[in-house]
Novice: 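Structure below; questions to follow.
Because only heavy atoms are used, hydrogens play no part in the values below, and waters and symmetry mates are left out as well, while side chains stay in.
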Amino acid sequence: MRAGPNRGTWALLGDRSFDDTAGGGRPDRRALILVENLSVPFDRRVWQECTTLRDAGWTVHVICPQGSKRDTEPEAVIDGVRIHRYPLRAATGGPAGYLREYGSALWHTARLARKVGPVDVVHACNPPDLLFLPALWLKRRGARFVFDQHDLVPELYLSRFDRGEDLLYRAVCALERRTYRAADVVLATNESYRDVAIRRGGRRPEDVFVVRSAPAIDRFQPVPPEPELKRGKPHLLCYLGVMGPQDGVDYALRSLAKLRDELGRTDWHAVFVGSGDAFDAMVELSRRLGLSEQVQFTGRIPDADLVRYLSTADVCLSPDPRNPLNDVSTMNKVLEYMAMGRPIVSFDLKEARVSAGDAAVYAPASDEAEFARLIALLLDDPEKRAGMGKTGQERISGPLSWRNSQASLLAAYTAACRDRTAVSSGAPVRTGKRQRR
């Protein structure tokens, strides 16, 4: 069962599996978190999980790719968490390029896992759904496997490549099944993902824990607005996030063109913060739509600059189109807008409503004209914007806060490690072969 939000960290760790039976103290518990998608600590969700486990008395190791501009050191110890990073080139060339990337990542992950040595828990974050392979290797050596499902890879494949349910789609479905089967417990980012783990993955409800992503409140503290960021316009619009084929930046840009051309609104400047493999294409689309003077692309920027833009923004944009992935996924940018007290315009997606509630207004899926109309509506109603912003902050500090997810994360680890004796960092790595007599 998932832990209630009022249970404290140490109450969750009161299980006998976390006690030293000889002296009543806690033995050293070792966790290894495997990440392929982003570097750490840049991956904020993974970093929150790392620090939660560290504060609960775990020794935490992370294996992840190196960043291009930050998180570049091959090895680092940050706030007590040991991070092992490997070089990884960005995938190009469609599905074949991703297979090459994942193959390289698996090789480096296995190499570094041997260096880390025995662990109590191997915690693998997808995508891809290939990390069950090193997890199985570690399970044979006594670890328990926690599968942290960041994305539904079959839905990601359908949404990103538009190739239908072809051979590769069936392959990623098979890999997902193998991952579910190998895991001792599953972490789901929302109830929609939990339902998939139970229905499609065949997992018992008591083995699936909802650990929602939540912004780090200390990172998102509003500062006084800076009117100069509006480039001489009365209003600032802001987009924050990844710019990939499925993220809807093109929908946002076409909506802004309609805001200008069909609604006659030129009283705004827009800033798009973030990067991704569609970044150059989005800059070009902005140019073709004649938006270059009113739309600014910053790329990735330091946290301090991000907070400046969000503190000044009048309306924030969540233009993710409805597709098999987006409709059931929790968008981090929505949560971050809410933490900053910003009103949101979103397309009408199932999990967008679960996250934002009345902190957003919703256009029918892919309706760019209505998306533009809702932007104009909010620009003309500062009282409504303020009320929506307050609602968002209350949700982030209440039902959607990270402290609730912390309780669920630690409950999942308790369930995974029940009745297990802690490994020793100096213990030999078992090979799984029978000893000769």
Side-chain angles (χ1 to χ4, degrees), residues 159-160 225-302 305-323 326 331-334 336-337 340 342-349 352 360-382 385:
S159 302
R160 187 176 181 90
E226 300 179 30
E228 59 270 23
L229 297 179
K230 300 183 179 185
R231 300 283 182 93
K233 300 291 186 178
H235 302 295
L236 180 66
L237 311 176
C238 188
Y239 171 89
L240 163 65
V242 177
M243 299 185 191
Q246 75 274 18
D247 294 304
V249 176
D250 53 334
Y251 285 81
L253 291 171
R254 290 190 294 266
S255 295
L256 294 181
K258 292 180 184 295
L259 180 65
R260 178 196 61 193
D261 299 336
E262 297 179 11
L263 300 179
R265 300 294 294 259
T266 60
D267 56 343
W268 52 270
H269 176 69
V271 60
F272 284 70
V273 179
S275 64
D277 51 7
F279 180 87
D280 292 339
M282 294 302 99
V283 173
E284 174 59 20
L285 176 60
S286 177
R287 186 194 65 78
R288 292 202 312 270
L289 293 171
L291 293 171
S292 298
E293 294 300 315
Q294 280 188 267
V295 173
Q296 173 188 0
F297 290 86
T298 68
R300 289 179 179 170
I301 59 177
D305 291 333
L306 170 62
V307 168
R308 291 170 57 230
Y309 280 114
L310 290 177
S311 296
T312 306
D314 297 285
V315 175
C316 287
L317 310 178
S318 184
D320 306 87
R322 179 177 292 164
N323 59 39
N326 289 346
M331 304 301 173
N332 286 336
K333 59 179 169 284
V334 170
E336 291 165 352
Y337 297 156
M340 292 294 294
R342 301 298 95 187
I344 304 161
V345 178
S346 171
F347 286 123
D348 195 357
L349 306 178
V361 291
Y362 303 91
S366 305
D367 188 337
E368 295 164 357
E370 181 63 8
F371 198 93
R373 190 192 72 80
L374 290 174
I375 294 173
L377 180 150
L378 291 182
L379 292 182
D380 290 337
D381 194 340
R385 295 201 308 266

Novice: Measuring from atom CD of Glu368 to atom CG of Leu256, what distance do you get when rounded to the nearest 0.5 angstrom?
Specialist: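 It comes to 10.0 Å.
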Novice: Would a 4.5 Å heavy-atom cut-off, applied to side chains only, mark Thr298 and Leu306 as touching?
Specialist: no
Novice: Taking it one step at a time, do Ser275 and Arg300 satisfy side chain to side chain donor-acceptor pair (under 3.5 Å)?
Specialist: CA-CA 6 Å; Ser275 64; Arg300 289 179 179 170; 3.3 Å; yes
Novice: Thr312 side chain to Glu226 main-chain N or O, any donor-acceptor pair under 3.5 Å?
Specialist: yes
Novice: Determine whether Leu259 and Leu237 make a side-chain contact, defined as any pair of heavy atoms from C-beta on separated by less than 4.5 Å.
Specialist: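 Yes - at least one pair of side-chain heavy atoms lies under 4.5 Å apart.
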Novice: Exactly one of Arg254, Arg260, Gln296 should register a side-chain contact (heavy atoms from CB on, under 4.5 Å) with Leu291. Which one does?
Specialist: Arg260
Novice: Looking only at heavy atoms, what is the nearest atom pair of Asp277 and Gly244, with distance?
Specialist: OD1-CA, 3.5 Å
Novice: side-chain contact (heavy atoms from CB on, under 4.5 Å), that's the test. Do Cys316 and Leu240 meet it? Break it down for me.
Specialist: CA-CA 8 Å; Cys316 287; Leu240 163 65; over 6 Å; no
Novice: Can you check whether Asp348 reaches Pro364 side chain to side chain, under 4.5 Å on heavy atoms?
Specialist: no
Novice: Can you tell me how far OH of Tyr309 sits from CG of Asp305, rounded to the nearest 0.5 angstrom?
Specialist: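 One finds 7.0 Å between CG of Asp305 and OH of Tyr309.
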Novice: Compare all side-chain heavy atoms of Trp268 with those of Ile375 and state whether any distance is below 4.5 angstrom.
Specialist: no
Novice: Within the side chain of Tyr239, is there an N or O that forms a donor-acceptor pair under 3.5 Å with the backbone of Leu253?
Specialist: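 Checking the backbone N and O of Leu253 against the side chain of Tyr239, no donor-acceptor pair under 3.5 Å is found.
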Novice: Using every non-hydrogen atom in the two residues, find where Lys333 and Pro319 come nearest and quote the distance to one decimal.
Specialist: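 Taking every non-hydrogen atom into account, CE-CD, 4.2 Å.
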Novice: When you measure from the side chain of Arg385 to the backbone N and O of Leu379, does any donor-acceptor pair fall under 3.5 Å?
Specialist: yes
Novice: Has the side chain of Tyr251 got a donor or acceptor atom that lies under 3.5 Å from a matching backbone atom of Ser366?
Specialist: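 Checked: no pair found.
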Novice: Determine, step by step, whether Asp320 and Val334 satisfy the side-chain contact (heavy atoms from CB on, under 4.5 Å) criterion, reporting the C-alpha distance in whole Å, the side-chain angles of both residues, the deciding distance to 0.1 Å, and the verdict.
Specialist: CA-CA 11 Å; Asp320 306 87; Val334 170; 5.6 Å; no
Novice: To check you understand the geometry: which heavy-atom pair defines the closest contact between Gln246 and Pro321, and what is its length?
Specialist: O-CD, 3.7 Å
Novice: Between Asn326, Ile344, Val345, which is the residue that forms a side-chain contact (heavy atoms from CB on, under 4.5 Å) with Ser318?
Specialist: Ile344
Novice: Suppose the criterion is salt bridge (Lys or Arg N to Asp or Glu O under 4.0 Å): which pairs have a residue in residues 230-244, not counting sequence neighbours?
Specialist: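 Non-adjacent pairs meeting salt bridge (Lys or Arg N to Asp or Glu O under 4.0 Å): Lys230-Asp314.
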Novice: Taking the side chain as every heavy atom from C-beta outward, state whether Met282 and Asp250 have any atom pair closer than 4.5 Å.
Specialist: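 Yes, close enough: below the 4.5 Å cut-off.
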Novice: Could you check if a side-chain atom of Val361 sits within less than 4.5 angstrom of a side-chain atom of Pro343, using non-hydrogen atoms only?
Specialist: no
Novice: Is the closest side-chain heavy-atom distance between Phe272 and Val283 below 4.5 Å?
Specialist: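 Of all side-chain heavy-atom pairs linking Val283 with Phe272, none is under 4.5 Å.
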Novice: On a heavy-atom basis, which atom in Thr266 and which in Gln294 lie closest, and how many Å separate them?
Specialist: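 Closest approach of Thr266 to Gln294: O-NE2, 3.6 Å.
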Novice: Taking all atoms of both residues into account, what is the closest heavy-atom pair of Ala363 and Glu370, and its distance?
Specialist: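 Closest approach of Ala363 to Glu370, heavy atoms only: CB-CG, 3.8 Å.
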Novice: In terms of relative ring orientation, are Phe297 and Phe279 parallel, tilted or perpendicular, with 30° and 60° separating the classes?
Specialist: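 Rings of Phe297 and Phe279: perpendicular, over 60°.
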Novice: May I ask you to decide whether Arg287 forms a salt bridge with Glu284, counting only side-chain N to carboxylate O separations under 4.0 Å?
Specialist: yes
Novice: Please give me the minimum heavy-atom distance between Ala372 and Ser255, naming the atom from each residue.
Specialist: CB-O, 3.3 Å
Novice: Taking atom CD as the centre, does Glu293 end up with more than 12 heavy-atom neighbours from other residues, nucleotides or ligands that are less than 6.0 angstrom away?
Specialist: no
Novice: Please evaluate residues Arg265 and Asp380 with respect to the criterion salt bridge (Lys or Arg N to Asp or Glu O under 4.0 Å), reporting the C-alpha separation (whole Å), side-chain torsions for both, the decisive distance (0.1 Å), and the verdict.
Specialist: CA-CA 11 Å; Arg265 300 294 294 259; Asp380 290 337; 3.0 Å; yes
